[in-house]
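Remember, predicted model here, so these are calculated numbers, not experimental data.
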Amino acid sequence: MKTNFLKLSILALILFITSCSNDDDNNETTPAVVTQKVSNLSAPQTGGQGQPVGGEFTKFSFSENKVVTNDNWDIAFRGTAIIVNGGAKYNAADAGEPARTGSGSVSSVSGTFASVTTFPVATTFKADGASAYAIPTGSGNGWYSYNSTTHIISAIAGKVFVVKTHDGKYAKFEILSYYKDAPATPDATSLSPYYTFNFAYQANSTTTF
């Protein structure tokens, strides 16, 4: 009799512990997506002003929140050019442009950074290719405008880029400044190219930020 009671007590205890464990699992919430700020990311280039542009792209990983030198990069910077780790090289002969080893692509969205909370439709995403970068270069076409009088490059307000990362996750970013320490009013003495930008990375299999 005592043996049966003991067995029933142990069984009840196991069931109680299992139930509590399941409750804990069900109560787990998806971590909030946090906005990160990257300051003074250096993206030098050689050439320009009529000469062939060259130099290594600076590769950045959203998941690691840092510059990387391996193939686990999502976007990369050189001068005013921003590339994504997906598609193909724009210039096959450019030794400084990394090969695309991931499945990345990018979609341009108009709005404030905070207002972009859902992923754009799949058809709006583009990868780099032999004919053009997914984020166009040139004043007014991509992320910046160029003042031919002051020669200042300014990030276009309300321009947000949603990126499918090299491994199929998603992030969004906006460029804040092209100059070191992000001066409010850059001038001829301001040092460039030093990117400051905000980004948010979604590591979960959801379609919102």
Which heavy atom of [X] sits nearest a heavy atom of [Y], and at what distance?
| X | Y | result |
| --- | --- | --- |
| Val109 | Pro120 | CG2-CG, 3.6 Å |
| Tyr195 | Gly79 | OH-O, 2.6 Å |
| Pro136 | Ala134 | CD-O, 3.4 Å |
| Ser61 | Val68 | CB-CG1, 3.9 Å |
| Ala127 | Val84 | CA-CG1, 4.4 Å |
| Val116 | Lys172 | O-NZ, 2.7 Å |

Just to verify, what does [X] make a side chain to side chain contact (heavy atoms under 4.5 Å, CB included) with, not counting sequence neighbours?
| X | value |
| --- | --- |
| Pro183 | Ser177, Tyr179, Pro186, Ser190 |
| Thr118 | Thr208 |
| Ser108 | Lys159, Phe161 |

_Residue list, salt bridge (Lys or Arg N to Asp or Glu O under 4.0 Å) with Asp94, at least two apart or on another chain_ =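 If we apply the salt bridge (Lys or Arg N to Asp or Glu O under 4.0 Å) test to Asp94, skipping adjacent residues, the hits are Arg78.
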_Just to verify, what does Asp128 make a salt bridge (Lys or Arg N to Asp or Glu O under 4.0 Å) with, not counting sequence neighbours?_
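In terms of salt bridge (Lys or Arg N to Asp or Glu O under 4.0 Å), with neighbours along the sequence ignored, Asp128 is linked to Arg100.
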[X]: ring pair (Phe, Tyr, Trp, His ring centres under 6.0 Å) partners, not counting sequence neighbours:
| X | answer |
| --- | --- |
| Phe62 | Phe60, Phe199 |
| Tyr133 | Tyr90 |
| Tyr201 | none |
| Trp73 | none |

*When you look at Phe173 and Asn198, which way does the side-chain contact (heavy atoms from CB on, under 4.5 Å) test go after all the steps?*
CA-CA 5 Å; Phe173 75 96; Asn198 287 330; over 6 Å; no
*asked:* Tyr178 and ring pair (Phe, Tyr, Trp, His ring centres under 6.0 Å): which single residue from Phe77, Tyr144, Trp143, Tyr194 fits?
replied: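 That would be Trp143; it is the only one of Phe77, Tyr144, Trp143, Tyr194 passing the ring pair (Phe, Tyr, Trp, His ring centres under 6.0 Å) with Tyr178.
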When you measure from the side chain of [X] to the backbone of [Y], do you find a donor-acceptor pair of N or O atoms at a distance under 3.5 Å?
| X | Y | value |
| --- | --- | --- |
| Thr165 | Lys169 | yes |
| Lys59 | Thr69 | yes |
| Asn85 | Gly102 | yes |
| Ser139 | Tyr146 | yes |

What's the separation between atom [atom1] in [X] and atom [atom2] in [Y], rounded to the nearest 0.5 Å?
| X | Y | atom1 | atom2 | answer |
| --- | --- | --- | --- | --- |
| Thr196 | Ile175 | OG1 | CD1 | 9.0 Å |
| Leu191 | Thr189 | CG | OG1 | 7.5 Å |
| Asp167 | Asp74 | CG | CG | 6.5 Å |
| Ile83 | Thr137 | CD1 | OG1 | 12.0 Å |

_Suppose clustering is done on Ile, Leu, Val, Met, Phe, Trp and Tyr with side-chain heavy atoms closer than 4.5 Å. Which residues sit in the same group as Val121?_
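Cluster partners of Val121: none, it stands alone.
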*Within-4.5 Å side-chain heavy-atom neighbours: Phe125 and Tyr170*: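 Counting from C-beta outward, Phe125 and Tyr170 do come under 4.5 Å.
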*Taking side chain as C-beta onward, heavy atoms only, is Ser192 less than 4.5 Å from Lys180?*
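The answer is no; the side chains never approach within 4.5 Å.
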Going by atom type alone, with no hydrogens or angles, which donor-acceptor pairs under 3.5 Å involve a side-chain atom of residues 37-45 and a protein atom two or more places apart or on another chain?
residue : atom : partner : partner atom : Å
Asn40   : OD1  : Asp181  : N            : 2.7
Asn40   : ND2  : Asp181  : OD1          : 3.0

_Qualifying residues under side-chain hydrogen bond (donor to acceptor under 3.5 Å, both in side chains), relative to Thr124, sequence neighbours excluded_ =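 Partners of Thr124 by the side-chain hydrogen bond (donor to acceptor under 3.5 Å, both in side chains) criterion, ordered by chain and then number, come out as Ser107.
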*Report the C-alpha distance between Thr112 and Val160 in whole Å, list the side-chain angles of each, state the deciding distance to 0.1 Å, and finish with yes or no for side-chain contact (heavy atoms from CB on, under 4.5 Å).*
CA-CA 7 Å; Thr112 64; Val160 180; over 6 Å; no
*asked:* Using side-chain hydrogen bond (donor to acceptor under 3.5 Å, both in side chains), reason through Asn204 and Thr206 one step at a time and then give a plain yes or no.
replied: CA-CA 6 Å; Asn204 301 293; Thr206 63; 5.6 Å; no
*Go through the side-chain N and O atoms of Glu97 and Asn91 and say whether any donor and acceptor fall under 3.5 Å apart.*
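The answer is no; no qualifying pair exists.
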*Is there a path from Ile135 to Ile75 through hydrophobic residues (I, L, V, M, F, W, Y) whose side chains come within less than 4.5 Å of each other?*
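Ile135 and Ile75: one cluster.
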*Is it possible for you to say whether Ile156 and Val163 belong to one hydrophobic cluster, with membership spreading through side-chain heavy-atom contacts below 4.5 Å?*
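Cluster IDs for Ile156 and Val163 differ.
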_Residue Lys126 excluded, over 12 heavy atoms near NZ under 6.0 Å_ =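 For Lys126, atom NZ is not crowded (no more than 12 foreign heavy atoms under 6.0 Å).
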*asked:* Is there a side-chain contact (heavy atoms from CB on, under 4.5 Å) between Val162 and Val106? Walk through the geometry before answering.
replied: CA-CA 6 Å; Val162 178; Val106 62; over 6 Å; no
